[in-house]
Every structure is written in C-alpha cells, then in structure tokens.
Amino acid sequence: MKKLLLSILCLFSFHVFIAAQEDMDTTALEMSDSLLVQLFKLQQDSIEKAFVYQTGKVELGDGLAAIEVPTGYKFLDAQQSNYVLTELWGNPPSESLGMLLPEDISPISDNFSYAIDVSYSDEGYIEDKDAKSLDYDDLLEEMQKDAKEINDQRREMGYPAVDLVRWAAPPYYDEANKKLHWAKELAFEGEPANTLNYNIRILGRGGYLNLNAIGEMDILPKVQADIGDILTSVNFNSGNRYSDFNPSMDKVAAYGIGGLIAGKVLAKAGFFALLLKFWKIIAVAIVGFFAFIKRMFTGGGQ
C-alpha cells in the first residue's frame with residue numbers, strides 16, 4: 001500500500017491547497033471533497049483493472065505443485081500477489097506463490113473479506129509419527145504462552161500485542177493425503193473484533209505448502225464450508241510428493257506435526273492479519289479526514 005498511500009497523501013495536500021486558494025469557503029471545501037473522492041476512486045479503479053485473475057489449473061512455483069482453482073474462487077499469480085502483499089498491504093517482502101480470493105472481491109475492493117495466501121517452506125520432510133498422540137489442548141496452552149512472549153518483541157517493533165484466544169477450529173490431520181488444517185482466533189490489542197487465522201499445510205517431499213486465510217471471525221463458516229474443496233484443489237506434482245521422499249538424500253525437518261502447528265508462525269501471521277485490514281482502514285480514514293479539514297478551516301474545531 002506504500003504507493004497508494006503516497007498518492008493519497010498527494011491528494012490530501014491538493015485538497016488543502018484548493019481550500020486555501022478559495023479563502024476557506026465551505027462550498028469550495030465541499031467541491032474539493034468531491035474531487036478528492038473522485039480522484040481516489042480513479043486510483044482504486046486503476047489498480048483493480050490491472051489485476052489479471054486465473055481459473056482452472058494453475059502451476060505453482062517451478063513445477064513444484066499445482067492448484068485447480070475451486071469453484072467460487074479466482075487466483076492471482078505470484079508476481080501480482082507479492083505486489084499486493086508488499087506494495088498495497090504494506091507487508092515485509094515475501095515469496096508468495098499466489099493468492100486465492102472469492103470470485104466476487106478483489107484485494108482492494110470495498111467488500112473485501114479475506115484472501116488465502118499460498119507459499120512454500122523448504123524446511124524439509126515433516127515426519128508425522130506424532131500426529132495421533134498429540135493433545136491439542138496442551139498444545140494450545142503452549143502456543144498461548146509463546147504468543148505472550150512474542151508480544152514484547154512486537155511492541156518493541158511498534159506493533160500491537162496479539163493474544164491467541166482459542167482454537168476456532170481444532171487441528172485435523174488427514175494422514176492418507178498428508179494435509180493438515182486448523183484455525184486460530186486472535187485478539188489484537190486495541191481492536192474491537194477478533195481475527196481469524198485459518199491455516200492449511202500440505203506436506204511434501206522437501207517441505208510443505210502453506211495456505212493462510214486471514215479475516216474477521218465472521219468468515220469462519222464460509223472457509224469451513226469451502227475447506228474440503230480448497231484442500232482437494234492443491235497438490236504437489238510428481239517428484240515433490242510426500243511419497244517421493246528419499247531418506248538417503250532428502251532433508252528431514254527438525255520437528256513433526258506438533259512443531260508445525262506450534263511453530264513461530266504466530267508472529268508472521270499476526271503481522272499479515274494486521275496489515276491486511278489496512279485497505280479498509282485507510283478508506284474509512286479519508287472520510288474522517290474530510291470532516292477534520294472542514295473543522296480546521298471553518299473554525300468548527302475551536
């Protein structure tokens with residue numbers, strides 16, 4: 001969102017300039033408000049029209065995996081997804097393989113609800129021997145403690161604290177297909193509503209595909225209704241599958257299923273969840289800015 005914010009700031013400056021040139025007349029302020037809204041809408045429309053979505057079968061990475069885009073969804077490729085994540089949403093640079101979105105929204109549409117970012121971790125083959133013996137209640141307590149420890153670091157970096165409230169959906173491991181999914185309910189400091197982070201991991205020969213769906217808690221029924229189709233849609237290509245593992249030459253990860261769930265992904269997911277909401281926040285802030293400028297120039301704020 002860096003470039004978009006820069007454009008908005010320029011428009012704000014233009015708004016103030018117009019008001020000053022018109023001797024702070026209320027009618028002129030209303031006209032400049034309208035102009036600013038129109039210019040902002042043009043900027044938004046320009047970005048919207050630049051997106052190129054895909055459906056059907058799409059390759060992920062350099063022959064790594066493939067996705068058969070589920071019914072009701074569309075797909076943004078890696079280049080566009082990384083632009084969305086870093087330039088529009090303001091996240092740190094990432095290596096997204098692409099992004100799934102419901103077919104009726106875009107990354108910056110007014111009705112934006114959630115997106116599913118797809119990435120890959122090459123940390124090694126995940127042994128799943130511990131999957132059947134895991135106590136997910138104990139695991140949750142461990143993750144909640146980890147979250148509190150991470151909060152000190154988050155505050156030092158200027159981010160609000162985030163607490164892991166509960167399992168929004170407890171972990172489920174499909175041993176036959178080597179696919180794991182679970183959902184966390186997160187509470188961000190200062191936010192009135194909690195955030196949903198739905199995690200999907202698809203295990204492969206040298207690592208795992210990571211699908212993260214992040215939005216407000218009310219998207220949970222929608223994601224749960226679609227989770228079967230989403231899980232089925234993404235698979236490693238031959239040579240990269242879990243069954244292709246060669247113990248004599250392939251790396252084994254230092255953790256199993258429990259470590260994969262309880263890993264330090266909370267901090268990363270937390271940053272993403274916070275910044276993903278920023279598009280809505282800035283759009284609402286523009287309306288507030290109009291009111292502030294009027295008060296400042298007309299004396300209403302004195």
Side-chain angles (χ1 to χ4, degrees), residues 1-18 30-62 66-119 211-216 218-219 222-223 226 229-230 233-234 271-290:
M1 185 169 283
K2 298 173 186 175
K3 293 179 180 177
L4 186 58
L5 282 175
L6 181 59
S7 298
I8 292 170
L9 289 173
C10 290
L11 293 177
F12 282 175
S13 299
F14 179 71
H15 176 93
V16 175
F17 174 77
I18 290 291
E30 290 174 351
M31 292 175 62
S32 59
D33 282 353
S34 177
L35 177 60
L36 182 53
V37 170
Q38 292 178 43
L39 291 173
F40 177 77
K41 183 61 177 174
L42 286 172
Q43 177 80 359
Q44 183 182 12
D45 289 345
S46 176
I47 295 172
E48 292 271 17
K49 291 176 181 177
F51 291 131
V52 178
Y53 299 102
Q54 296 173 272
T55 56
K57 186 175 182 179
V58 180
E59 290 295 316
L60 300 174
D62 187 13
I67 179 170
E68 188 73 41
V69 180
T71 301
Y73 285 85
K74 57 190 177 183
F75 186 81
L76 272 182
D77 65 19
Q79 183 178 3
Q80 294 178 95
S81 295
N82 282 298
Y83 169 76
V84 168
L85 290 168
T86 58
E87 297 296 327
L88 296 184
W89 290 351
N91 286 275
S94 63
E95 296 184 5
S96 175
L97 295 177
M99 187 179 294
L100 275 175
L101 297 106
E103 61 184 359
D104 60 341
I105 69 170
S106 86
I108 59 170
S109 60
D110 295 335
N111 65 335
F112 180 84
S113 54
Y114 72 99
I116 302 174
D117 180 48
V118 184
S119 60
L211 283 72
N212 265 346
I214 299 178
E216 295 179 354
D218 59 6
I219 72 166
K222 167 65 174 171
V223 179
D226 294 345
D229 289 340
I230 294 170
S233 72
V234 186
F271 291 144
F272 180 46
L274 174 68
L275 295 169
L276 179 144
K277 296 179 180 180
F278 200 47
W279 168 251
K280 284 186 176 180
I281 293 171
I282 194 62
V284 171
I286 290 174
V287 177
F289 181 84
F290 293 159

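These numbers were taken from a predicted model, which means no experiment stands behind them.
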Picking from Asp117, Thr86, Asn82, what satisfies side-chain hydrogen bond (donor to acceptor under 3.5 Å, both in side chains) with Ser96?
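The passing option is Asp117.
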For the student: nearest non-hydrogen atoms of Asn111 and Asp104, plus distance
ND2-O, 3.3 Å
Could you give the distance from [atom1] ([X]) to [atom2] ([Y]), rounded to the nearest 0.5 Å?
| X | Y | atom1 | atom2 | value |
| --- | --- | --- | --- | --- |
| Asp218 | Ser113 | CG | OG | 8.0 Å |
| Ile116 | Ile230 | CD1 | CD1 | 3.5 Å |
| Leu211 | Ser233 | CG | OG | 7.5 Å |

Those residues that, when tested against Asp77, pass salt bridge (Lys or Arg N to Asp or Glu O under 4.0 Å) (two or more places apart):
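Residues passing salt bridge (Lys or Arg N to Asp or Glu O under 4.0 Å) with Asp77: none at all.
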If you define the side chain from C-beta out and look only at heavy atoms, does anything of Leu97 sit under 4.5 Å from Ile67?
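Not in contact.
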Backbone N/O of Ala78 and side chain of Ser81: donor-acceptor pair under 3.5 Å
no
Enumerate donor-acceptor pairs with a distance under 3.5 Å from any side-chain N or O in residues 47-62 to protein atoms, sequence neighbours excluded.
{"unit_1": "Glu48", "atom_1": "OE1", "unit_2": "Ser106", "atom_2": "OG", "d": "2.5"}
{"unit_1": "Glu48", "atom_1": "OE2", "unit_2": "Ser106", "atom_2": "OG", "d": "2.9"}
{"unit_1": "Glu59", "atom_1": "OE1", "unit_2": "Asn237", "atom_2": "ND2", "d": "3.1"}

Taking only distance into account, with no hydrogens and no angle test, what donor-acceptor pairs under 3.5 Å do side-chain atoms of residues 69-76 form with protein atoms, sequence neighbours excluded?
{"unit_1": "Tyr73", "atom_1": "OH", "unit_2": "Tyr114", "atom_2": "OH", "d": "2.6"}
{"unit_1": "Tyr73", "atom_1": "OH", "unit_2": "Asp226", "atom_2": "OD2", "d": "2.7"}
{"unit_1": "Lys74", "atom_1": "NZ", "unit_2": "Glu103", "atom_2": "O", "d": "3.3"}
{"unit_1": "Lys74", "atom_1": "NZ", "unit_2": "Ile105", "atom_2": "O", "d": "2.7"}

